[in-house]
Enquirer: 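Sharing a structure here in structure tokens format.
Chain letters run A, B, ... following the sequence lines, proteins first and then strands; every chain starts at 1.
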There are 2 protein chains.
Amino acid sequence: MKKESNITIHDIAKALGISGSTVSRALNNNSRISDKTKKAVRDMAKTLGYQPNALASNLRTSCTNTIGVIIPRISRYFFSSAITGIEEFAREKGFNVIICQSNDQKERESDCVQTLFASRVDGVISSVALNTDNYDHYKTFTNKNIPLVFFDRVCDELETSKVVVDDFKGGFLAAEHLISKGCKRIAHISGPQHLNLYINRLQGYLKAMRKHNIQIDKDQIIESPLNREDGLACAKKLLESSNPPDAIFAANDTTALSIILYAKDKGIRIPQDLAVVGFSNEPFSEYLSPSLTTIEQSGFDVGLKATELLLDIIQNKTGNRQETIVLPVRLIERESSNKLPN
Amino acid sequence: MKKESNITIHDIAKALGISGSTVSRALNNNSRISDKTKKAVRDMAKTLGYQPNALASNLRTSCTNTIGVIIPRISRYFFSSAITGIEEFAREKGFNVIICQSNDQKERESDCVQTLFASRVDGVISSVALNTDNYDHYKTFTNKNIPLVFFDRVCDELETSKVVVDDFKGGFLAAEHLISKGCKRIAHISGPQHLNLYINRLQGYLKAMRKHNIQIDKDQIIESPLNREDGLACAKKLLESSNPPDAIFAANDTTALSIILYAKDKGIRIPQDLAVVGFSNEPFSEYLSPSLTTIEQSGFDVGLKATELLLDIIQNKTGNRQETIVLPVRLIERESSNKLPN
DNA sequence: AAAAAGCAGACAATCGATTGCACAATTCAA
DNA sequence: TTGAATTGTGCAATCGATTGTCTGCTTTTT
């Protein structure tokens with residue numbers, strides 16, 4: 001009923017008449033221990049129901065076998081998929097994962113950094129908050145040589161590895177797709193320009209436009225925080241202008257959703273009057289009416305890759321590298337852009 | 001560049017010419033230490049940039065200040081919201097959270113139990129996998145007196161506390177709402193009957209039917225694993241019968257979605273020919289066409305409450321109690337049931 | 001003024017696994 | 001046969017914070 005006195009390596013040692021250090025080495029498969037002893041130790045460990053005390057081991061080795069994750073919000077599908085990828089890989093390698101949410105606020109992000117640091121995680125994977133414009137708090141990690149890998153929303157200021165999707169190509173595919181559907185006046189709603197991924201999506205869009213000699217109108221490119229409300233405002237601004245676009249490429253699905261809702265409300269037909277393409281392939285995009293054409297990016301793969309990279313740095317003690325891994329994206333054609341080229 | 005030798009309580013002690021134990025007690029606000037000394041210690045700690053080493057403390061106290069969470073899948077909105085609630089509360093109280101996903105498989109759930117146990121978490125919050133029909137693996141915790149709280153998908157076999165939403169009322173509200181809209185033949189697609197929450201939703205539905213003297217037809221109540229595919233099969237079965245229902249109450253939104261997709265495909269008008277109500281208020285339900293009437297349940301609140309309960313058990317060492325907290329639900333009326341009573 | 005009580009702080013053991021070094025036993029080379 | 005090399009284990013210190021017990025000093029009580 002009380003504390004079951006836990007089995008320690010010393011109990012095993014006593015049972016076998018050997019020393020604790022030998023047991024420890026045997027369990028860690030140290031080459032200095034004979035196979036016979038190793039087997040005896042392992043068998044006895046099983047018999048006694050030994051459970052290693054990670055705490056003690058952590059204290060001695062100052063490795064926690066834990067990685068920290070900082071994400072804006074877990075309830076966004078892309079991030080929860082990323083978490084799944086991170087966990088999958090980390091657990092398989094014997095690492096635990098501690099997750100912190102910044103709620104897209106820089107201050108909370110700083111708190112997350114502190115929490116993870118105090119938990120003495122062996123490494124950190126992060127996707128920065130929307131309004132993070134300065135990365136000093138991350139120096140808590142880099143100063144102490146704690147490996148750090150960014151994903152999706154990455155930070156260029158710090159010398160770390162990064163995992164992103166091919167946002168440039170995504171932007172390009174989206175725009176070219178709209179062009180192929182005969183759209184002539186293609187607007188783009190972009191995100192905060194201090195984040196690479198939005199810059200890249202925009203650049204991809206611009207490249208497609210140039211490639212096909214479509215005139216680029218600065219009024220048709222607007223920056224937005226990409227939430228529901230601002231999406232409506234952007235839709236209004238674009239669609240009520242004297243020369244409205246015949247297509248909009250939104251830098252995320254949430255904004256594309258706002259556009260669709262706005263258009264429905266105003267009797268603008270999609271895709272006939274206005275074609276729409278989003279970005280991310282959020283789960284809801286498939287069920288919208290019309291369903292949303294979008295760029296698929298695999299959160300799972302991004303998480304997996306980031307973890308692979310991080311654990312490699314941790315285990316090989318190579319120090320923070322500056323590798324950048326770019327994962328592929330894919331255009332998913334649905335109804336919102338399904339019109340005949342005219 | 002190498003290991004910055006970390007500041008320990010002994011460094012503080014040396015700097016002040018006092019002993020380590022005094023520093024420890026001062027930092028823990030022990031009453032045996034004078035205010036003057038406490039202040040001196042705290043100031044010095046700040047000056048030196050002292051960061052307590054949780055590992056050492058954990059080892060000594062055998063408390064990890066960490067709670068474990070086992071959930072089916074983090075990518076489902078209800079669960080990610082619950083996680084947010086759990087984290088919010090736990091962090092505020094100085095606890096870390098380790099999350100494990102069972103992917104709705106009993107075997108993985110067992111693995112999660114082992115992982116969390118090996119991590120020596122101070123307590124566990126769990127929502128069981130769909131196919132878990134036996135709870136022996138959870139005894140790993142109960143045997144060692146590790147507090148355990150279930151939420152949403154709870155287990156009655158073990159003597160633990162539980163947090164659920166009012167599924168019975170939800171079922172009742174859903175059915176009564178359909179009745180108020182003039183529906184006469186109301187089908188119900190329920191979930192696995194070894195899970196209380198589906199039993200309760202069903203019972204709520206039955207009570208409403210009885211209250212309003214609507215005939216209950218056993219053929220109109222079917223059990224389903226409640227996924228996309230099976231939802232289509234259920235829809236087909238119900239709607240192609242010789243006497244199809246004029247309303248369906250599905251035990252989750254995913255199944256309701258399947259019904260809507262099936263009906264669209266077959267030219268069945270919603271809500272005129274068929275009214276539909278789901279359960280959960282998943283984010284997509286708002287954007288469907290027609291938008292989905294559903295029962296809202298707050299994952300966040302459930303997570304918060306479960307954590308409150310768990311931390312209370314941990315901190316007051318009251319042992320596992322058997323409290324059951326029931327949180328409210330709410331009907332959200334949308335288009336899929338918006339027809340005039342006939 | 002002597003005894004009792006209270007206070008502030010120090011000492012040292014402890015949590016359990018790891019690891020540098022020492023040492024014994026065995027094998028091998030010369 | 002002796003010295004060297006190799007192999008298998010044990011000893012004891014260590015990681016850093018916590019905590020039961022003890023000490024010396026101050027205050028209070030009678």
Enquirer: Hey, would you say the B/Tyr138 and B/Phe150 ring centroids sit under 6.0 Å apart?
Expert: yes
Enquirer: What is the nucleic acid contact for A/Asn58, judged by heavy atoms within less than 4.0 Å: base, sugar-phosphate only, or nothing?
Expert: nothing
Enquirer: Given C/dG9, is OP1 or OP2 found less than 4.0 Å from the side-chain N or O atoms of B/Thr37?
Expert: yes
Enquirer: Tell me whether the side-chain N/O atoms of B/Asn28 come closer than 4.0 Å to OP1 or OP2 in D/dT18.
Expert: yes
Enquirer: Describe the nucleic acid contact of B/Ile18 in one word from base, sugar-phosphate, nothing, applying a heavy-atom distance below 4.0 Å.
Expert: sugar-phosphate
Enquirer: Once you round it to whole Å, what is the distance between P of D/dG8 and CG of A/Leu16?
Expert: 17 Å
Enquirer: Measure distances between side-chain N and O atoms of B/Arg32 and base N and O atoms of D/dT23, and say whether any donor-acceptor pair falls under 3.5 Å.
Expert: no
Enquirer: To the nearest angstrom, how far is A/Ile33 atom CD1 from D/dT7 atom C1'?
Expert: 10 Å
Enquirer: Between B/Phe151 and B/Phe78, how do the two ring planes meet: parallel, tilted or perpendicular, split at 30° and 60°?
Expert: tilted
Enquirer: Please report the distance, rounded to the nearest Å, between NE2 in B/His10 and P in D/dT18.
Expert: 10 Å
Enquirer: Out of C/dG9, D/dT18, D/dG16, which nucleotide sits closest to the side chain of B/Ser34?
Expert: C/dG9
Enquirer: Let me spell it out: for each of B/Leu59 and B/Ser31, pick the nucleotide of DNA chain C with the closest heavy atom. Which residue's pick is nearer the 5' end?
Expert: B/Ser31
Enquirer: If you check every side-chain atom of A/Ser19, which of C/dG9, C/dA17, D/dC11 has the closest atom?
Expert: D/dC11
Enquirer: Salt bridge check: are A/Glu87 and B/Arg108 linked by an N-O gap of less than 4.0 Å?
Expert: no
Enquirer: Students often get this wrong, so: under 4.0 angstrom with heavy atoms, is A/Ser57 touching a base, only sugar-phosphate, or nothing?
Expert: sugar-phosphate
Enquirer: Before we go on, tell me: are the rings of A/Phe95 and A/Phe89 under 6.0 Å apart, centre to centre?
Expert: no
Enquirer: Quick one: do the B/Asn58 and B/Thr64 side chains pair a donor with an acceptor below 3.5 Å?
Expert: no
Enquirer: Mind checking B/Thr8 for me? I need base, sugar-phosphate or nothing, with any heavy atom below 4.0 Å counting as a touch.
Expert: sugar-phosphate
Enquirer: Which is more 5' along DNA chain C, the nucleotide nearest A/Tyr50 or the one nearest A/Arg25? Just name the residue.
Expert: A/Tyr50
Enquirer: Atom CG of A/Leu55 and atom C1' of D/dT18: how far apart are they, to the nearest Å?
Expert: 14 Å
Enquirer: Nearest whole angstrom, please: distance from the P of D/dT18 to the CD1 of B/Ile9.
Expert: 6 Å
Enquirer: Name the closest nucleotide to the B/Ser21 side chain, picking from C/dA12, D/dA17, D/dG10.
Expert: C/dA12
Enquirer: Nearest-Å distance, CG (B/Asp11) to C1' (D/dC15)?
Expert: 13 Å
Enquirer: Return the value, rounded to whole Å, for the distance between atom CG of A/Asn30 and atom C1' of D/dT6.
Expert: 15 Å
Enquirer: Rounded to the nearest angstrom, tell me the gap between atom CZ in B/Arg60 and atom P in C/dA17.
Expert: 16 Å
